[in-house]
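Structure first, commentary second.
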Amino acid sequence: MVRELVGVAKSYRARPVLRGVDLSVTAGEVVGIAGTNGSGKSTLLRILAGLSRPSGGTTSGKPRTGYVPDRFPARQRMSALSYLSRLGRISGLSKADSRRRAGEWLERFALTGGPDTPLRDLSKGNAQKVGLAQALLCGPELLVLDEPWSGLDAGTRSVLNDVIDELALDGTAVVFTDHRPDFARGESVRSHLLVDGRLQPLDAEAATCRILLRGGEDADWAGRRGVLSVRHGDDLELEVAVAERESVLFEAVQRCCAVIAVDSEVGSR
Ligand SMILES: Nc1ncnc2c1ncn2[C@@H]1O[C@H](COP(=O)(O)OP(=O)(O)OP(=O)(O)O)[C@@H](O)[C@H]1O
């Protein structure tokens, strides 16, 4: 076990955000946490990373931790490379190692403008790349990533996916959040949904979404694979297993139905 939270609660000004979170993370494991805006994901990650104290419950494990906040503050004149080199030195690397590693990560994430770009000139996505590099510099045993894909272009998202896979293979525990319902990046991710201040296990089979259709040919939607419930109203409302969402939408379009909405809320059965 790398890090464990048991019955963790957190309140802000007597308003509970986390009500009793149990989460145990082991070496080489990739854990995803989904939840709507304001559900407490960042709060949970800060506690996991040891940056915030819970109001109740216990935490154990003190791994070397890399943390990427949801917004990386990058308002300084210093260049990305100098900033990362300094952080590397603070975390115990030699000057040469620190510069080399910083340069390697910036190159891997393809920082636009190169390593000498001042932090304050970076776009959101490029600042995020520096945020990722600072978390990876120390060779973390636990990597905590708050909505790490947001703001990244497709190429960098794919690099980040590869980096996560490589680190996990190497024994690093990785915990990330994402508000998207289909955020689980494959079978190797243990996924949870944060709802009402508690974590629920979430797997692709159990996750559901809502699709609203109008018009088109009649069909036996209730009998179709992946459709869990059907409600007839002005529009036809289908509750659909996330794993079957694309195939249901494809069939709806083939049947000339207008797709009015695909609800991104994650349900769980
Ligand atoms: N330092 C703080 N002081 C007071 N309230 C806070 C603080 N940090 C977070 N909150 C409140 O706690 C709740 C959960 O916030 P948090 O940022 O953890 O949610 P989140 O799931 O990460 O949201 P998002 O998806 O929008 O980033 C919100 O209502 C937020 O306003």
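Numbering of ligands and ligand atoms starts at 1, following listing order.
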At under 4.0 Å between heavy atoms, is it the side chain or the backbone of Lys10 that contacts ligand 1, or both, or neither? neither

of all protein heavy atoms, closest to atom 17 (O) of ligand 1 is Ser42 CB, 3.7 Å

What protein heavy atom sits nearest atom 6 (C) of ligand 1, and how far off is it? Tyr12 CD1, 3.2 Å

Starting from atom 23 (O) of ligand 1, what is the nearest protein heavy atom, named by residue and atom, and what distance separates them? Gly38 N, 2.8 Å

Name the option, out of Glu147, Lys41, Arg46, that contains the heavy atom nearest to atom 20 (P) of ligand 1. Lys41

Which residue supplies the protein heavy atom nearest to atom 19 (O) of ligand 1, what is that atom called, and how far is it? Gly40 N, 3.2 Å

Is it true that atom CG of Asp220 has more than 12 heavy atoms of other residues, nucleotides or ligands lying nearer than 6.0 Å? yes

Applying salt bridge (charged side-chain N to carboxylate O under 4.0 Å, His left out), run through Glu104 and Arg108 and close with a yes or a no. CA-CA 6 Å; Glu104 282 169 0; Arg108 182 135 192 219; over 6 Å; no

For atom 29 (O) of ligand 1, the protein heavy atom that lies nearest, with its residue and separation: Arg15 NH2, 2.6 Å

Looking at Glu141 and Arg64, would you say the former's side chain and the latter's main chain have a donor-acceptor pair under 3.5 Å? yes

Can you check which of Asn37, Thr36, Thr43 brings a heavy atom nearest to atom 16 (P) of ligand 1? Thr43

Is the backbone N or O of Pro140 less than 3.5 Å from a side-chain atom of Thr172, with the two atoms forming a donor-acceptor pair by type? yes

Indicate whether the side chain of Asn161 and that of Ser158 have a donor and an acceptor atom separated by less than 3.5 Å. no

Take atom CG of Asp97 as the centre, draw a 6.0 Å sphere, and report whether it contains more than 12 heavy atoms from other residues, nucleotides or ligands. yes

